[in-house]
Amino acid sequence: MNFAQVFSEGTSLLLEGIKLTVGIALFSILIGFFIGLFACLMGISNVKILKFISGAYVWVIRGTPMIVQAFIVYFGVPQVVQVFISGFRFTPFVAGVITLSLNAGAYMSEIFRGGIQAVNKGQIEAARSLGMSQSKALIKVVLPQAFRIAIPSLVNQFIITIKDTSILSVIGLAEIVNKAKTYVGATYQFFATYIYVAAFYLVIISVLMIFSKMLEKRLNNNGRKSKSH
């Protein structure tokens, strides 16, 4: 349990991993945002086939472990595609982004749906009475308020996505857990290395949690001011 050795020898390696961890989480949460919004709009539409597709997508993603989803994307999908395109395969990074984006998108779809449902229906009726179409009322009146309501939950989803990147070490993604495994394999410093990894996660997640609380407090204060006016 040589913490000094791990700190001096392993810091640069683990920093490489944490950069990839945060980078892939940011990239995936951005893609997942649009997937989630699109899935949410499909789910609340009046078109049955769109509602079915959205519901099936959310059901499958939320009902299966992410490690299984990662294996399907990294190993399973290329095997199917190789029937038509010889030698096709995903890199661990691409497979990781696809897995995290689809996973985050399913949960953000539910976050957006909750935000939309929280908007007072009277505002939609008022917008319609002013001559707005249903789609225009949704875009100009409902969605801006739904986004504001959903922001704390979206930040929380980003925190979850960062932690979920650790699962992707099973497909060879060189994030911080994978880097730690490499270092442990060479030094056998299991305890000190994984405590160090936990500390990296704690620092990043703590910063995001503080940001989330500050943001939530600010939004609540703004909400009270607007009501008072």
Side-chain angles (χ1 to χ4, degrees), residues 1-33 35 61-79 87-108 152-216:
M1 293 190 301
N2 194 332
F3 285 95
Q5 178 188 341
V6 173
F7 182 79
S8 62
E9 294 180 353
T11 297
S12 60
L13 186 68
L14 295 179
L15 280 174
E16 288 178 15
I18 205 69
K19 286 177 185 175
L20 182 58
T21 294
V22 175
I24 196 171
L26 278 168
F27 198 37
S28 300
I29 208 75
L30 180 62
I31 297 172
F33 178 91
I35 292 174
I61 296 297
R62 295 183 68 181
T64 55
M66 201 178 83
I67 190 171
V68 176
Q69 297 164 17
F71 283 145
I72 290 172
V73 172
Y74 187 62
F75 297 110
V77 172
Q79 187 177 44
F88 177 87
R89 61 171 298 174
F90 289 129
T91 64
F93 182 84
V94 171
V97 168
I98 293 172
T99 303
L100 284 174
S101 299
L102 289 174
N103 196 274
Y107 287 94
M108 284 196 282
S153 296
L154 293 173
V155 174
N156 188 55
Q157 181 58 46
F158 181 44
I159 291 171
I160 293 170
T161 300
I162 286 180
K163 291 190 286 186
D164 282 346
T165 58
S166 61
I167 296 173
L168 300 177
S169 64
V170 299
I171 61 171
L173 184 72
E175 44 70 65
I176 188 170
V177 173
N178 191 296
K179 293 288 188 181
K181 286 180 182 178
T182 301
Y183 181 75
V184 165
T187 63
Y188 296 98
Q189 292 289 341
F190 293 94
F191 185 77
T193 302
Y194 288 119
I195 288 292
Y196 200 17
V197 170
F200 271 112
Y201 275 111
L202 278 171
V203 169
I204 294 170
I205 301 305
S206 296
V207 170
L208 287 172
M209 288 175 69
I210 292 169
F211 172 73
S212 179
K213 287 179 181 178
M214 290 173 60
L215 190 60
E216 191 170 0

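Any value given below was found using the heavy atoms of this structure, including those in side chains, with hydrogens, waters and symmetry copies removed.
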Spacing of [atom1] belonging to [X] relative to [atom2] belonging to [Y], to within rounding of 0.5 Å:
X: I72; Y: I67; atom1: CD1; atom2: CD1; value: 11.5 Å
X: Y107; Y: S153; atom1: OH; atom2: OG; value: 14.0 Å
X: R89; Y: F75; atom1: CZ; atom2: CZ; value: 8.0 Å
X: T161; Y: L30; atom1: OG1; atom2: CG; value: 12.0 Å
X: T21; Y: I162; atom1: OG1; atom2: CD1; value: 8.5 Å
X: I24; Y: E175; atom1: CD1; atom2: CD; value: 8.5 Å

- Message: Would Q189 and F3 count as a side-chain contact (heavy atoms from CB on, under 4.5 Å) here? Give the steps.
- Response: CA-CA 9 Å; Q189 292 289 341; F3 285 95; over 6 Å; no

Looking only at non-hydrogen atoms, find the nearest pair between [X] and [Y] and report the distance.
X: N178; Y: S169; value: ND2-O, 3.6 Å
X: R62; Y: A106; value: CG-CB, 4.5 Å
X: M108; Y: L154; value: SD-CD2, 3.5 Å
X: Y183; Y: V6; value: OH-CA, 3.6 Å
X: I171; Y: A70; value: CG2-O, 4.1 Å
X: V155; Y: L215; value: CG2-CD2, 4.2 Å

- Using the side-chain contact (heavy atoms from CB on, under 4.5 Å) rule, take N103 and Q69 through it: C-alpha gap first, then chi angles, then the decisive distance, then the call. CA-CA 9 Å; N103 196 274; Q69 297 164 17; 3.0 Å; yes

- Task: Evaluate the criterion side-chain contact (heavy atoms from CB on, under 4.5 Å) for residue pair Y74 and V94; output intermediate values, then yes/no.
- Result: CA-CA 9 Å; Y74 187 62; V94 171; over 6 Å; no

Side-chain polar contacts of residues 194-214 - donor-acceptor pairs under 3.5 angstrom, sequence neighbours left out - could you list them?
residue : atom : partner : partner atom : Å
Y196    : OH   : T11     : OG1          : 2.8
S206    : OG   : L202    : O            : 2.6

- Query: Would you call E9 and T187 a side-chain contact if the rule is heavy atoms closer than 4.5 Å?
  - Reply: yes

Keeping the roles fixed (side chain from [X], backbone from [Y]), state whether a donor-acceptor pair exists under 3.5 Å.
X: S8; Y: Q5; answer: yes
X: S28; Y: A25; answer: no
X: Q157; Y: A104; answer: no

- Query: Testing I31, L173, D164 for side chain to side chain contact (heavy atoms under 4.5 Å, CB included) with L100, which one passes?
  - Reply: D164

- Would you say F7 has more than 12 foreign heavy atoms packed within less than 6.0 Å of its CZ? no

- Message: Tell me if the CZ atom of F90 is crowded by more than 12 foreign heavy atoms within 6.0 Å.
- Response: yes

